[in-house]
Amino acid sequence: MIISHLRAFIKFKGDSFLLPSQNPLSSSRFSPHAALLASLLHSNSFSNNGDRPLSRYQKVANLDDAFNLFDEMTQRRPLPSVVKFNQLLNAVAKMNHFSCSLDLFKQMCLIGVPVNEYSMSIAIKCCCQMSRTNDGFALLASCFRRAVVPNVYIFSTLLDGLVIEDRILEAENFFKKLIKQKLCEPDVVMYSTMIKGLCKFGNNDIAIGLLRLMDERGCKPNVVIYSTIIDSLCKDKLIEDAFKLFKEMVFAKGIQPDVITYNSLIHGLCNLCRWDEVSKLLKEMEEDLRISPDLHTFSILVDALCKEGRVDEAEAVIDIMVERRVVPDIVTYNTLIDGYCLRGEMTKARTLFDSLTSKGFVPNVVTYSSLLNGYCRSLKIEEAMHLFHEMTRKGLKPCIVTYSTMLQGLFRVGRCGAARKFFDEMQAQGLIPDECTYGIILDGFCNNHQVEEALSLFHLVA
DNA sequence: TTAGGGTTAG
């Protein structure tokens, strides 16, 4: 159903000058809902946002270029404006080199560049993205010394840092304090950050309450806010509530959904195996709204089909992706490898794994863990061990899932001693066992008639 | 001229 729908749409795209209702492949006529959706979409989609060409400071391609440019800037007299420094700082942060960006910020301060609220917010974001939100707050304190007045950008970034670190109570208190003490008026981004935090901790109802409140306070919710809550409801399998909110967003509020909104809904339906509705939604987004599925959409479909054991169809989806010039990424391939592994098709999994390099991909910790899991499930523990050592040799750091997978495999073949060693090694690496790890260990010892060992571990935990 | 939020894999 999904495959045939996606195939049909390739042909449909070829005739895209036709209105959906005129297209012979479109099974239903344009519904009033679809017409409204389409009018919403087309009314805003061609606005010019006035993009300027990027400056040389924003265009740096790699770290070396960034450092060279920074050095050159610091030699100039007079010094370039803080704007140029900020652009470079941000470009480095965008490359996910947060620590380097922070170093550049510190150097800016040392050489006397008059840093402003833009520089501060970039530096604070770097701290937060590295889970060093406390350092971000230290920078906030330094704003006062530097005569920089913190604004809603800076506060939102810090709030997001608390959410990233799962410090939800502190996030809530910080948010309330900002409002109560009138330190800033929250805008749509700050509300969305708070709502994301609430959703992350399962407080969907409070998140919806905040959505109502922001509206009452005159801050209009947008597609990001709605999509955040819709996604959370979908993840909690509250799909009817998600669709209710989706309809409210589109029909009552006149906010157009985008591909991210649809991806969340499609994912939610996939998790419930409601395939007919997945097809319907794909059709609606493509034919009525002209929103093309993207890499995420395809990865969600590939993953869902693999989990259902429908690996052949998952392969077909990847073929369709390629035909539509959506380039699969490592996530797509990891999903497929996992699909083969779950079906015990280790030769296929291995062949795909081995072909990744020639496709231009570097296997990551998830790729290795998936393949390891396949070997462990097939009781090919030596192959799993070999792969484990290969990944560490290549400089990949096994994570808690990798270790847990190995532990499960070792217990399956009765190698409790080796499992214990892995468990100790894992802790020596600074990895903290999670509930899943303990479950595997307890099961493993018990199934191998070493209840005492299991109990001793349990007492250790308790 | 420069800064903040939502979707995918083990």
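The model shown is predicted, which means the values in this text are computed figures rather than measured ones. Residue numbers start from 1 in every chain, and the chains themselves are labelled A, B, ... in the order their sequence lines are given, proteins ahead of strands.
Counting to the nearest Å, the P atom of B:dT1 and the CG atom of A:N90 are 16 Å from each other. Spacing between atom CG of A:N373 and atom P of B:dG10 amounts to 10 Å, rounded to whole angstrom units. Rounded to a whole Å, the CG atom of A:L89 is 10 Å from the C1' atom of B:dT2. The distance from atom CD1 of A:I164 to atom P of B:dG4 is 12 Å, rounded to the nearest whole Å.
Among the protein residues, A:C199 comes within range of no part of the nucleic acid, since none of its heavy atoms lies under 4.0 Å from any strand. Residue A:S121 is classed as a base contact, given a heavy-atom separation below 4.0 Å to a base. Within the 4.0 angstrom heavy-atom criterion, no nucleotide atom of any strand lies near A:S119. Within the nucleic acid shown, A:T228 comes within 4.0 Å of sugar-phosphate atoms alone, with no base atom in reach, counting heavy atoms only. Among the heavy atoms of the strands lying under 4.0 Å from A:E117 is at least one base atom, whether or not backbone atoms are also near. No engagement by A:L159 is indicated, since no non-hydrogen atom pair under 4.0 Å with the nucleic acid exists. In this structure, A:V152 reaches the bases: a heavy-atom distance under 4.0 Å links it to at least one base atom across the strands shown. Across all strands, A:T402 comes closer than 4.0 Å to base atoms (heavy-atom distances). Within 4.0 Å (heavy atoms only), A:K307 reaches sugar-phosphate atoms of the nucleic acid but no base atom. Contacts of A:V223 with the nucleic acid, taken as non-hydrogen atoms under 4.0 Å apart, include base atoms. Nucleic acid contact class of A:M190 (heavy atoms, under 4.0 Å, all strands): base.
Aromatic stacking of A:H296 on B:dT8: not satisfied for centres closer than 5.5 Å together with planes under 30 degrees.
Side-chain N/O atoms of A:K196 include none lying less than 4.0 angstrom from OP1 or OP2 on B:dT7. Contact annotation: A:N334 side-chain N/O to B:dG10 OP1/OP2 distance is not under 4.0 Å.
Ring-centre distance between A:Y226 and A:F246: not below the 6.0 Å cut-off. Aromatic rings from A:F388 and A:Y368 are positioned such that their centres are separated by 6.0 Å or more.
Between A:K244 and A:E240 there is no salt bridge, since no side-chain nitrogen of the basic residue lies less than 4.0 Å from a carboxylate oxygen of the acidic one. A salt bridge does not link A:R343 with A:E308: every distance from a Lys NZ or Arg NE/NH1/NH2 to an Asp or Glu carboxylate oxygen is 4.0 Å or more. Remark: A:R217 engages A:E185 in a salt bridge, criterion side-chain N to carboxylate O under 4.0 Å.
Taking only side-chain atoms of A:S264, from C-beta outward, the nucleotide of B:dT7, B:dG5, B:dG4 with the closest atom is B:dT7. Listed nucleotides: B:dT2, B:dG5, B:dA9. Nearest to the side chain of A:K125: B:dG5.
On a pure distance criterion of 3.5 Å, no polar donor-acceptor pair joins the side chain of A:S370 and the base of B:dG10.
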